[in-house]
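Below is one structure, written out as structure tokens, with a few remarks after it.
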Amino acid sequence: MILEVAILEVKPNLTEEFEAAFKTASTIIVSMSGYISHELQRSLETTNRYILLVRWQQLEDHTVGFRQSPKYQEWRSLLHHFYDPFPTVEHYQSVLFNSGSEFCP
């Protein structure tokens, strides 16, 4: 599994509109091949900052399958105008996972 992490800086005073648009955009990403799950979290300290976590089966499911699809253009038109600056996106692979009751490599 690959974890995509994006820090999203939403333009001030557009957070409500962004959250509504993100709900619509979520229907796009869940339909993609290799998609596992996603979550959007809002910062308590900086209320226009969000973190997007998307789990993919493989890196290429995001970088090729999603990013090079026509559906990405729809995602882009729904969301990209909210960001300033444009988000940095990185991909991570698990090294250690702790569920609270056990450690898993």
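Side-chain contact between Phe82 and Leu8 is absent, with no heavy atoms from C-beta onward closer than 4.5 Å. With contacts defined as side-chain heavy-atom distances shorter than 4.5 Å, the pair Phe18/Leu79 qualifies. Side-chain atoms of Asn48 and Thr46, non-hydrogen and from C-beta on, do get closer than 4.5 Å to each other.
Hydrophobic clustering, with ILVMFWY side chains joined whenever heavy atoms are under 4.5 angstrom apart, keeps Val89 apart from Tyr50. Both Val54 and Phe86 sit in one connected hydrophobic cluster of ILVMFWY residues. Membership requires side-chain heavy atoms under 4.5 Å apart, directly or through other members.
Residue pairs meeting the salt bridge (Lys or Arg N to Asp or Glu O under 4.0 Å) criterion with at least one partner in residues 2-13, sequence neighbours excluded, are Glu9-Arg49. For the salt bridge (Lys or Arg N to Asp or Glu O under 4.0 Å) condition, no pair includes a residue of residues 75-92, sequence neighbours left out.
Side-chain contacts under 4.5 Å among hydrophobic residues (ILVMFWY), followed directly or transitively, place Ile51 together with Leu3, Val5, Ile7, Leu53, Tyr92. With side-chain heavy atoms closer than 4.5 Å counting as contact, directly or through intermediates, the hydrophobic cluster containing Ile36 also holds Met1.
With sequence neighbours left out, the ring-ring contact (aromatic ring centres under 6.0 Å, His included) criterion links His91 to His62. Evaluation of the salt bridge (Lys or Arg N to Asp or Glu O under 4.0 Å) rule for Arg67 yields no partner, not counting sequence neighbours. Scored by the salt bridge (Lys or Arg N to Asp or Glu O under 4.0 Å) test, Glu19 finds Arg42 as partners (sequence neighbours excluded). The salt bridge (Lys or Arg N to Asp or Glu O under 4.0 Å) test applied to Glu39 returns Arg55, not counting sequence neighbours.
Summarising the geometry, atom CG belonging to Leu59 is positioned 9.5 Å from atom CD belonging to Gln93; distances are rounded to the nearest 0.5 Å.
Annotation: Glu16, atom CD; neighbour count of heavy atoms from other residues, nucleotides and ligands within 6.0 Å does not exceed 12.
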Pair up each side-chain donor or acceptor in residues 20-35 with any protein partner under 3.5 Å, not counting sequence neighbours, and list the distances.
from, atom 1, to, atom 2, distance (Å)
Ser26, OG, Phe22, O, 2.9
Ser26, OG, His38, NE2, 3.1
Thr27, OG1, Thr24, O, 2.7
Ser31, OG, Ile28, O, 2.6
Ser31, OG, Lys71, NZ, 2.9
Tyr35, OH, His38, N, 3.2
Tyr35, OH, His38, ND1, 2.6

